[in-house]
Every structure is written in structure tokens, then in C-alpha cells.
Amino acid sequence: MKIRLFNTMSRKLEDFVPLTPGQVGFYSCGPTVYHHAHIGNFRTFVLTDLLKRMFIENGYNVRNVMNITDVGHLTNDEDDSGEDKMEKGAARDNKSVWDIAKFYTDEFLRDSDDMNLLPPTERPRATDYIDEQIALVQKLVDLGYTYEIPGDGIYYDTSKFAAYGALTGGGLSGNRAGARVEFNEQKRNPTDFALWKFSPTDKKRQMEWDSPWGIGFPGWHIECSAMSMALLGAHFDIHTGGIDLSRVHHANEIAQSEPITGAPWVKYWVHSEFLMDKSGGKMSKSDGEFLSLSVLKDHGFDPMAYRYMLSLGHYQSQLTFSWEALESAANGYKNIVRRVAELLDDKNPGTVDDAAYSAWHDRILGLVSDNLKTAEALVAIHELNKDTSVNVATKIALFEFIDRLLGLQFINRANDLRRLETTDVPADVMALLDARIAAKAAKDWARADEIRGQIDAMGWNVVDTKDGAKLVKKS
Ligand code: AMP
Ligand code: ZN
């Protein structure tokens with residue numbers, strides 16, 4: 001099937017042509033593990049997952065990498081200054097940086113499972129690739145792209161890279177238009193960025209390494225160049241991330257990589273637009289109030305309802321989160337689940353009609369392969385549900401395909417719903433459910449979350465239904 005993607009680099013919809021026929025390699029910037037990932041981050045991670053699923057359904061051999069950023073990411077990314085986010089998170093939680101990296105990585109993996117994200121082929125941690133990062137900086141030093149600011153670090157001289165900022169059409173000065181930060185006066189150009197930062201002489205950092213230039217830690221951008229090239233080769237097909245990364249982080253990744261690999265380093269750049277909060281701002285981790293997936297679950301929402309809400313929009317358009325919008329998406333999602341449960345209950349499903357299967361399969365896959373038109377695919381799914389000329393067996397086979405493609409777990413949730421009507425719940429588990437309902441009524445989300453963990457450990461899932469929370473035995 002023909003695949004088209006919007007390439008941020010060319011600002012055009014382009015036909016996808018892989019570097020190697022039948023194969024696709026892509027890299028996605030992963031979470032910085034100093035705090036919970038918020039549901040905005042998951043918008044971008046769902047885009048990555050959808051791309052992977054779309055390529056798999058098109059018969060591609062997919063190799064994708066999503067890193068874990070567990071080092072060297074300063075609160076002021078634009079100017080390589082401010083506090084280290086990991087050290088700040090560690091102080092907040094009263095733990096070591098290594099402990100918070102592990103804690104928030106585990107939380108992220110749990111949330112990723114809840115969002116039904118397929119594991120990437122590789123999930124490297126930046127701290128496991130320090131040697132590769134140092135080697136890359138050394139190459140840039142040898143090629144004459146760097147300079148040292150004494151007592152501060154090794155910097156990349158962006159004036160040496162003619163194509164700097166091409167991704168956003170910014171160039172050397174334009175790329176900084178509107179930036180709010182004061183620039184480090186010792187930098188040669190405002191766009192220059194740190195490749196290696198020196199540890200302060202007056203205090204010991206928890207994460208630091210030896211290097212040819214002195215003890216310190218890598219700048220944020222170099223990790224993605226190093227890990228992507230180590231795991232995908234010098235050139236690969238696609239690089240993804242949130243749109244905020246295109247102007248600085250990805251511009252810098254390109255500047256670091258192309259002097260070594262030749263241009264173009266990456267063929268297609270795919271960026272997800274923001275999830276906005278109600279006040280019209282971008283949902284962001286540095287805000288005290290942000291929504292994690294646990295908060296959504298504690299309000300009784302199935303993570304799949306959130307994924308369905310994301311699928312109702314297009315990844316290139318901003319989406320504003322509100323509880324009302326989520327509620328309405330949850331209702332739409334449950335309607336489809338109920339419909340699928342009816343299909344599964346049917347005693348005379350017939351046999352799969354190959355012609356009807358192919359027609360609907362190709363229509364839905366065609367929409368998603370055309371720059372990920374998920375909203376249109378959902379419209380097609382509603383039509384399929386209403387089409388009385390398609391028999392039950394064919395519809396069930398199509399929902400199996402739809403679940404693989406969109407990751408919305410319709411069949412799984414429909415089976416939960418069916419089991420619900422037939423299972424007896426033990427009294428101790430039922431008592432926990434009541435305690436959780438009470439905790440939620442008291443808005444004690446932490447307690448509600450804790451009780452859900454206990455229910456989970458006893459082998460039961462809490463399922464949201466139109467009549468309130470119910471329990472389903474895990475299969
Ligand atoms: P971080 O953990 O902050 O490094 O972000 C992880 C990913 O989430 C990056 O690709 C960001 O661009 C993306 N991201 C951050 N905030 C949002 C948002 N509000 N909506 C969509 N994506 C976001
Ligand atoms: Zn990155």
C-alpha cells in the first residue's frame with residue numbers, strides 16, 4: 001500500500017520510500033525520567049506507536065528505537081544552563097538520581113503498557129551510551145566544529161554548519177527569534193550548544209564521567225545522535241518527536257550528525273503537535289499541575305478512552321484536553337466496545353468473506369497509511385459497524401486487524417465486558433473496590449491508586465462501565 005507522511009524538513013506530504021526495500025528504521029526521542037510522563041508526552045509516544053503499527057500492517061520489517069533520557073538535561077535547554085533536571089527531581093523526591101531514573105522509567109513502562117504501546121525494538125538509556133557520545137564529540141572536535149569555554153564546556157560552533165536550522169527554516173539568527181532566554185555571552189553564536197559540560201569545581205555531581213576534556217557530563221542533544229547511529233546505522237528512514245523538539249533539539253542533532261554522516265542524515269522528520277491544556281498553553285512537565293495517566297485512571301477513565309480521543313484528531317493539529325472531551329470520547333469508545341461484544345456473543349457468525357474483508361481492510365489501512373488519518377479510519381469503522389451486508393465473522397476478523405493497527409483493544413475490552421456478566425467476585429476484592437470508590441469520592445487519588453494496585457495484585461482489573469466501576473478477573 002502507498003504510504004505518505006508529512007516531512008517537517010520539506011514541509012510537504014511525501015511518498016515514503018525506504019532506504020532499504022521492505023525495511024524501515026526509525027528513532028523517537030523518549031521521556032526524560034525526572035518526573036512522571038504526562039498525557040501530552042503520550043500523545044507523541046502514541047504517534048510513534050501508530051507509525052510502527054502502520055508499517056507492520058503494510059508488511060515492513062520494522063526496527064525502531066526509543067531512548068530513555070536519564071542524564072544531562074538542564075532546566076534551560078535553550079542555553080545549556082540552569083539546574084540539571086535529574087538532580088532537581090532527585091532533590092524533590094529525596095532520592096539519588098539513579099534511583100529516580102529507575103523509578104520514573106518503571107512508571108513510564110507501566111503507563112506505556114496501559115496505553116498499549118508496542119515495545120520499541122531497542123530502548124537504550126543515555127547513561128549506557130556515554131562512550132559513544134564521547135566518541136562523537138571527539139569526531140566533531142577533530143573536524144573543527146567545536147570550541148571550549150573554559151570552566152563551562154565544549155561547544156558546537158553552529159556557524160560552521162551551513163545548513164543549521166533547515167528543519168524549521170530558521171538559520172542561525174531566525175532560529176532564535178522569540179527565544180526568551182539570556183544567552184551565555186561567551187558563546188560565539190546564540191545557537192551554539194554544549195556537547196560536553198564540565199562538572200562544577202565546588203560541588204560533586206551524582207552523575208559525571210571522565211572525558212578527554214575533563215570530568216563532566218554530555219549535553220542533551222548528543223545522546224540522540226549517538227544512540228540512533230549506534231543502533232540504526234549512520235542513516236535511517238524516520239525520526240520522530242514532539243513539535244517543540246524540531247527547532248532546537250533536532251536542529252542540533254542534525255548539526256552534530258551530518259558533518260560525520262553526510263546529508264541527509266535522516267530522510268523523514270515526523271513531529272506531533274501539542275496536547276494543550278484548557279488555558280491554551282502546552283501541557284508541560286515543568287508545570288506543577290500536569291495530568292499523568294494515573295490521574296486519568298483515578299478519575300475512572302480507561303487509558304484506551306484517552307487513546308481513542310487522540311485518534312479522533314490528527315497528529316499535526318493541536319488538541320485541547322478537557323474532561324468533557326475525554327468523557328465524550330470515552331462514550332464513543334464504549335459504544336464500539338459494546339457493539340464488538342455483541343458480535344462476539346453472536347451464535348451464528350458465519351465464515352469470513354474474503355472479498356468483504358479485503359475491501360474494508362484496504363480502505364482502513366489506506367487511510368492510516370495516508371499520513372495517519374485516524375479520524376477518517378474511525379468514521380470508516382462506524383460505517384463498517386452499520387453495514388448489514390458484512391457478516392459477523394468478517395467483522396470480527398476486521399476488528400482483530402483494527403486492533404493491531406490502531407492499538408485500541410476493542411476486542412480485549414469487549415471480552416472484559418462479556419466476562420463481567422458471568423464472574424463472581426470474592427468478598428475481599430469487592431471490599432477493596434468499595435474502599436476505592438470511597439477514596440475517589442473523597443478525591444484521595446493517591447489512596448485510590450494504591451487500592452487499584454492491591455486489586456491488581458490479587459488478579460483483578462478495575463473496569464469502567466456505564467454503571468460505574470466493576471471488577472474483571474485477569475485472563
Ligand atoms: P520530555 O520527557 O519532556 O523529553 O518529552 C518527551 C516527548 O513528549 C518529546 O517528544 C516532547 O516533544 C513531547 N511532548 C512534550 N510536551 C508535549 C505536549 N504537550 N503535547 C505533545 N507532545 C509533547
Ligand atoms: Zn532526542
If you measure from the Lys or Arg side-chain nitrogens to the Asp or Glu carboxylate oxygens, is any gap between [X] and [Y] under 4.0 Å?
X      : Y      : value
Glu87  : Lys203 : no
Asp106 : Arg110 : no
Glu273 : Arg43  : no
Asp49  : Arg307 : yes
Glu450 : Arg447 : yes
Asp456 : Arg452 : no

For [X] and [Y], which I'm curious about, is there any donor-acceptor pair between the side chains at under 3.5 Å?
X      : Y      : value
Tyr104 : Asp93  : yes
Ser369 : Asn58  : yes
Gln206 : Ser96  : no
Thr168 : Ser246 : no

Which label fits [X] and [Y]: parallel for a plane angle under 30°, tilted from 30 to 60°, or perpendicular past 60°?
X      : Y      : value
His221 : Phe193 : perpendicular
Phe236 : Trp265 : perpendicular
Tyr306 : Phe321 : perpendicular

Once you round to the nearest 0.5 Å, how far does [atom1] of [X] lie from [atom2] of [Y]?
X      : Y      : atom1 : atom2 : answer
Ile411 : Phe399 : CD1   : CZ    : 8.0 Å
Glu107 : His35  : CD    : NE2   : 11.0 Å
Ile100 : Lys95  : CD1   : NZ    : 8.5 Å
Trp220 : His249 : CH2   : NE2   : 4.5 Å

Next on the checklist: I'd like to know whether Asp298 forms a salt bridge (charged side-chain N to carboxylate O under 4.0 Å, His left out) with Lys440, so could you lay out the CA-CA distance, the side-chain angles of the two residues, the decisive distance to 0.1 Å, and finally the verdict.
Outcome noted: CA-CA 7 Å; Asp298 287 336; Lys440 280 176 62 179; over 6 Å; no
Next on the checklist: Quick check: do Leu471 and Met458 have side-chain heavy atoms less than 4.5 Å from each other?
Outcome noted: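 Counting from C-beta outward, Leu471 and Met458 never come under 4.5 Å.
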Item to check | CA sep, side-chain torsions, deciding dist, call: Phe16, Phe55, ring-ring contact (aromatic ring centres under 6.0 Å, His included) | outcome: CA-CA 11 Å; Phe16 176 77; Phe55 277 112; 4.9 Å; yes
Counting only heavy atoms not in [X], do more than 12 sit closer than 6.0 Å to its [atom1] atom?
X      : atom1 : answer
Lys373 : NZ    : yes
Asp428 : CG    : yes
Arg125 : CZ    : no
Lys443 : NZ    : no

Item to check | Gly169 versus Arg11, closest heavy-atom pair with distance | outcome: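 Taking Gly169 first and Arg11 second, the nearest heavy atoms are N-NH2, 2.8 Å.
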Checklist entry - Which atoms form the tightest heavy-atom contact between Ala377 and Ile364, and what is the distance? => result CB-CG2, 4.2 Å
Next on the checklist: I'd like to know whether Arg404 forms a side chain to side chain contact (heavy atoms under 4.5 Å, CB included) with Glu57, so could you lay out the CA-CA distance, the side-chain angles of the two residues, the decisive distance to 0.1 Å, and finally the verdict.
Outcome noted: CA-CA 8 Å; Arg404 288 197 307 275; Glu57 291 309 309; 3.1 Å; yes
Taking [Y]'s backbone N and O only, do any of them form a donor-acceptor pair with [X]'s side chain (distance below 3.5 Å, no angle check)?
X      : Y      : result
Arg338 : Leu417 : no
Thr105 : Ala101 : yes
Asp346 : Val392 : no
Ser199 : Phe217 : no
Asp237 : Leu19  : yes

Checklist entry - Can Phe42 and Leu310 be said to form a side chain to side chain contact (heavy atoms under 4.5 Å, CB included), step by step? => result CA-CA 10 Å; Phe42 275 100; Leu310 295 178; 5.7 Å; no
Next on the checklist: Can you tell me which residue among Gln316, His239, His250 is in a side chain to side chain donor-acceptor pair (under 3.5 Å) with His271?
Outcome noted: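 So the option named by the test is His250.
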Next on the checklist: Please identify which of these residues, Asn64, Thr240, Asn67, meets the side chain to side chain donor-acceptor pair (under 3.5 Å) condition with Tyr27.
Outcome noted: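 By the side chain to side chain donor-acceptor pair (under 3.5 Å) criterion, Tyr27 pairs with just one of Asn64, Thr240, Asn67: Asn67.
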Next on the checklist: Could you go through Ile402 and Leu384, starting from their C-alpha distance and side-chain angles, then the distance that decides it, and tell me whether this counts as side chain to side chain contact (heavy atoms under 4.5 Å, CB included)?
Outcome noted: CA-CA 11 Å; Ile402 290 163; Leu384 167 67; 4.2 Å; yes
Checklist entry - Run the side chain to side chain contact (heavy atoms under 4.5 Å, CB included) check on Thr48 and Met66 step by step: do they pass? => result CA-CA 9 Å; Thr48 298; Met66 184 189 279; 4.1 Å; yes
Next on the checklist: Testing Lys297, Arg413, Lys334 one by one against Asp302 for a salt bridge (Lys or Arg N to Asp or Glu O under 4.0 Å), which residue passes?
Outcome noted: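 Among Lys297, Arg413, Lys334, the one meeting salt bridge (Lys or Arg N to Asp or Glu O under 4.0 Å) with Asp302 is Arg413.
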